[in-house]
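This report concerns only the one structure given below.
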Amino acid sequence: MSLSREELIELFREAPKESFELLLRNLRIREHLRILHAKHVAGLKLSYDENFDRIFEEFFRFFFRPLESAIHGTRQLRFLFFMFDFGLMESQSETFRAYSDFLRSWLEHLRLTSELMMGRVLPVSMADVFREFIRTYRSKVESPAMDFEYPVEYPFLLPKSVLTDLERSVEHWEKFSEAFREYRKIIKETYVRAAEGFIEEVNRRRFEGYQEFAGVFSEFEARAFDELLKSEGYLGVQRSMLDNLMDYIYFYRRFSEGMLESNPMNPFATVSMLDEAFKRILELKRRVSELEKKVSRLEGSR
Amino acid sequence: MIVEKIRGIKPGPCEYETVYEDAPFRLHRFRGEVGHKTPVLVNYAFINRPYVLDLHRDVSVIRLLLEARLGVWMIDWGYPSLADRHLRIEDYVNFIDTCVGKVGEHTGADKVTLWGYCLGSTLSVIYASLHPEKVRNLVVQTPPINFSTQNTLALWARSIDPEKVSRALFNATGDFLNLAFLLVDPVRLVIGKYQSLLDSLEDEKSVKDFFYMDHWIFDSPAVAGKVYEEYITRWYQRNEVMEGRFTVGGRKVDLGRVRMPLLVLAAARDHITPPESVLPFFEAVPSQDKKMLLSDKGHIGLTVSRSSHAKIWPEAIRWVVERSD
């Protein structure tokens with residue numbers, strides 16, 4: 001049985017989003033299983049084909065997606081805010097180039113405005129002062145050794161811990177990406193091995209009913225994953241993936257917070273500052289509660 | 001249309017009022033006629049929402065307790081936020097004590113029947129060992145007390161570093177925990193379950209039951225970061241409660257003090273807390289009045305299956321009623 005487009009839209013409004021997604025994926029899984037079953041009923045021998053691959057992709061998308069979005073980093077922002085250009089944010093060199101362009105256009109603006117106003121609003125005696133100002137700053141902007149050469153100075157602007165945090169976050173991101181590739185590989189290998197066992201079984205026996213056919217497929221896969229998920233190899237890869245993902249998130253956040261905390265004009269408290277404040281409030285709350293109990297005991301003993 | 005079958009699904013048919021709150025925790029009292037002296041204080045796991053015990057009328061354990069004229073109170077651990085990240089298991093145990101006091105203020109009872117479910121059982125056992133004089137009966141449902149088991153979830157919990165999770169995410173979020181709970185048995189929970197739903201879309205009752213359950217499953221609170229650290233490290237990795245090394249406020253939790261009547265409800269096909277999670281505890285406690293009821297269902301099926309409601313629950317309710325006056 002399939003669901004119409006209108007039904008699916010209505011269902012999206014009513015059901016939890018996870019249930020909706022899993023239902024949608026299972027509808028697609030069912031289509032592929034039905035194709036395989038039809039082949040089987042027609043007397044054709046099954047072999048591992050694209051239908052099995054599609055089932056795999058639908059099956060594990062739900063689990064892989066959050067991990068892949070962590071690997072893709074800023075790409076998820078592009079997805080969420082597709083109208084914005086994140087290129088500028090991603091590349092420091094582009095930011096500095098844009099800043100230099102801005103300074104040049106600002107100087108041009110000053111030069112042209114002063115020429116326009118000279119003799120009308122501004123006294124002619126100011127002309128030399130403006131020319132000197134523009135000459136000095138143009139030479140600074142255009143000189144390779146200009147005062148505005150921030151990229152060279154940049155590492156000294158921030159506390160060292162900020163850059164160390166960035167370095168460590170990149171390090172953990174690389175390890176996480178590597179572990180995720182390994183994780184995906186062992187999951188896929190297990191799935192394919194179980195699917196091959198299932199193919200062997202259905203090519204040996206005959207399953208007239210679709211439900212029995214689909215049930216045997218699920219049972220082959222379930223048994224293979226029961227074994228895999230308890231294996232030493234799997235536990236090691238899962239641990240490496242989780243540890244490095246968590247460290248990547250932590251150090252990237254510390255880097256971002258460090259940038260903010262180093263700027264005296266930053267008007268925001270960071271989430272780590274809030275966390276520390278909440279910790280102290282909770283400790284105070286516990287002490288007040290202890291004192292209340294002591295007072296109550298003393299009053300009771302009078 | 002499938003959507004017509006599930007529109008307006010609202011769990012929790014039994015009415016209650018909130019009598020006390022200390023955010024994010026709350027204490028609820030269910031409305032009903034009370035005919036027994038000892039009130040029941042239900043203490044559900046802090047990892048899910050407690051209304052699974054009152055999902056809908058046909059499978060509501062709360063309704064059965066109320067129909068038996070028991071006074072029913074329930075602790076709601078709420079949805080911890082960033083502000084609650086530094087809560088500790090000790091705070092949860094202390095809140096149970098506060099609730100026992102509040103129930104006493106309202107009813108005049110100096111003891112309660114403490115009813116723990118899943119991780120709420122672990123908290124209840126800890127509380128009963130620290131304050132045995134305040135617990136008339138102890139009921140524990142699918143209780144993880146012995147964490148030294150070989151099920152997938154336990155193996156995973158022993159192989160992770162919870163401090164890294166808490167440091168990165170602050171709290172162990174509901175989405176994070178849900179992924180783990182589905183991934184322990186991915187084929188049955190992600191394919192098998194939904195393929196069965198697709199096989200029975202014409203059956204209104206099956207569709208409704210399915211979505212009642214899915215609403216509950218995906219309504220997942222975060223676990224406060226420091227509680228998550230303790231839960232994984234002290235319970236799963238060091239098995240401190242079972243081994244008599246768990247302390248609360250400097251006091252050691254001693255299972256030898258669990259001498260009150262004890263009812264254990266376990267499920268043979270429970271992949272989260274298999275029967276071996278409770279058997280060593282059941283054997284170790286010195287209570288002279290102890291009983292175990294074993295269902296052939298899984299962790300949640302014990303609560304919401306119609307067969308459990310026909311076989312297990314009448315006996316469990318009778319056991320409590322007989323010890324409530």
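Below, chains carry the letters A, B, ... as their sequence lines are ordered, and counting in each starts from 1. All values derive from a computational prediction rather than experimental measurement.
- Contact detail for A/Arg239 and B/Ser159: the closest heavy-atom pair is CD-O, 3.0 Å.
- Heavy-atom neighbours of B/Arg269 CZ from other residues, nucleotides or ligands within 6.0 Å: at or below the threshold of 12.
- In A/Tyr48, the OH atom is crowded: over 12 heavy atoms of neighbouring residues, nucleotides or ligands sit closer than 6.0 Å.
- With B/Lys164 contributing its side chain and A/Leu242 its backbone, the two residues share no donor-acceptor pair below 3.5 Å.
- For A/Tyr234, the part lying under 4.5 angstrom from a heavy atom of chain B is the side chain only.
- For A/Glu219, the part sitting under 4.5 Å from any heavy atom of chain B is the side chain, from C-beta outward, and nothing else.
- The nearest pair of heavy atoms linking A/Leu11 to B/Phe211 is CD1-CZ, 4.3 Å.
- Considering only heavy atoms from C-beta on, A/Arg253 comes within 4.5 Å of B/Phe170 through its side chain.
- Contacts of B/Asn151 with chain A are made by backbone atoms alone, with heavy-atom separations under 4.5 Å and no side-chain atom involved.
- Of the listed residues (A/Ile281, A/Asp247, A/Leu274), the one with the most heavy-atom contacts under 4.5 Å to chain B is A/Asp247.
- By the 4.5 Å heavy-atom criterion applied to side chains, A/Phe63 and B/Val190 are counted as neighbours.
- Checked against A/Asp243 for a side chain to side chain contact (heavy atoms under 4.5 Å, CB included), the options B/Val165, B/Ile160, B/Asp161 give a single hit: B/Asp161.
- Both the backbone and the side chain of A/Glu10 come within less than 4.5 Å of a heavy atom in chain B.
- Note: B/Leu169 leads B/Ile217, B/Asn178, B/Leu169 in heavy-atom pairs under 4.5 Å with chain A.
- Atom NE2 of B/His86 sits about 8.0 Å away from atom CG of A/Leu282, to the nearest 0.5 Å.
- Of the listed residues A/Arg254, A/Arg25, A/Lys279, the one with more heavy-atom pairs under 4.5 angstrom with chain B than any other is A/Lys279.
- Comparing A/Tyr250, A/Phe62, A/Phe251 by heavy-atom pairs within less than 4.5 Å of chain B, the highest count is held by A/Tyr250.
- Atom NZ of B/Lys252 is surrounded by 12 or fewer heavy atoms from other residues, nucleotides or ligands within 6.0 Å.
- A/Arg286 and B/Glu90 are not joined by a salt bridge, as no carboxylate oxygen comes within less than 4.0 angstrom of a charged side-chain nitrogen.
- The residue among B/Val184, B/Asp84, B/Leu87 with the most heavy atom pairs within less than 4.5 Å of chain A is B/Leu87.
- Salt-bridge annotation for A/Asp226 and B/Arg188: present, with a side-chain N of the basic residue lying under 4.0 Å from a carboxylate O of the acidic one.
- Contacts between B/Arg158 and chain A at a heavy-atom distance below 4.5 Å are absent for every atom of the residue.
- For A/Phe225, the part lying near chain B is the side chain, with the backbone staying farther off; criterion is any non-hydrogen pair under 4.5 Å.
- Inter-residue side-chain proximity for B/Asp214 and A/Glu18 is flagged as unmet; no heavy-atom pair is nearer than 4.5 Å.
- With a 4.5 angstrom heavy-atom cutoff, A/Ala222 touches chain B via backbone and side-chain atoms both.
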- Task: Test side chain to side chain contact (heavy atoms under 4.5 Å, CB included) on A/Phe59 and B/Val187 and set out the steps.
- Result: CA-CA 8 Å; A/Phe59 180 13; B/Val187 184; 3.6 Å; yes

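- Shown here is A/Glu227, whose CD atom has no more than 12 heavy atoms of other residues, nucleotides or ligands within 6.0 Å.
- The main-chain N or O of A/Leu229 is found under 3.5 Å from a side-chain atom of B/Trp156 such that the two form a donor-acceptor pair.
- A/Arg30 has a carboxylate O that lies under 4.0 Å from a charged side-chain N of B/Asp199, or vice versa, which qualifies the two as a salt bridge.
- When heavy atoms are compared at a cutoff of 4.5 Å, A/Gln211 approaches chain B solely by way of its side chain, counted from C-beta outward.
- Considering only heavy-atom pairs separated by less than 4.5 Å from chain B, the leading option among A/Glu283, A/Glu6, A/Glu221 is A/Glu221.
- Rounding to the nearest 0.5 Å places CZ of B/Arg85 at 12.0 Å from CZ of A/Phe278.
- Looking at heavy atoms from C-beta onward, A/Lys285 lies in side-chain contact with B/Asp22 at the 4.5 angstrom threshold.
- Counting heavy atoms from C-beta outward, B/Leu198 and A/Leu23 have side chains that approach closer than 4.5 Å.
- Highest contact tally toward chain B, considering only A/Leu245, A/Ile249, A/Leu33, A/Leu22, is held by A/Leu22 [criterion: heavy-atom pairs under 4.5 Å].
- Contacts with chain A were tallied for B/Leu182, B/Thr152, B/Ile191; B/Ile191 has the most, counting heavy-atom pairs under 4.5 Å.
- Other residues, nucleotides and ligands contribute more than 12 heavy atoms inside 6.0 Å of the CD atom of B/Glu133.
- Interface check for chain B: of the options A/Ser19, A/Ser218, A/Ala224, the most heavy-atom pairs under 4.5 Å are formed by A/Ser19.
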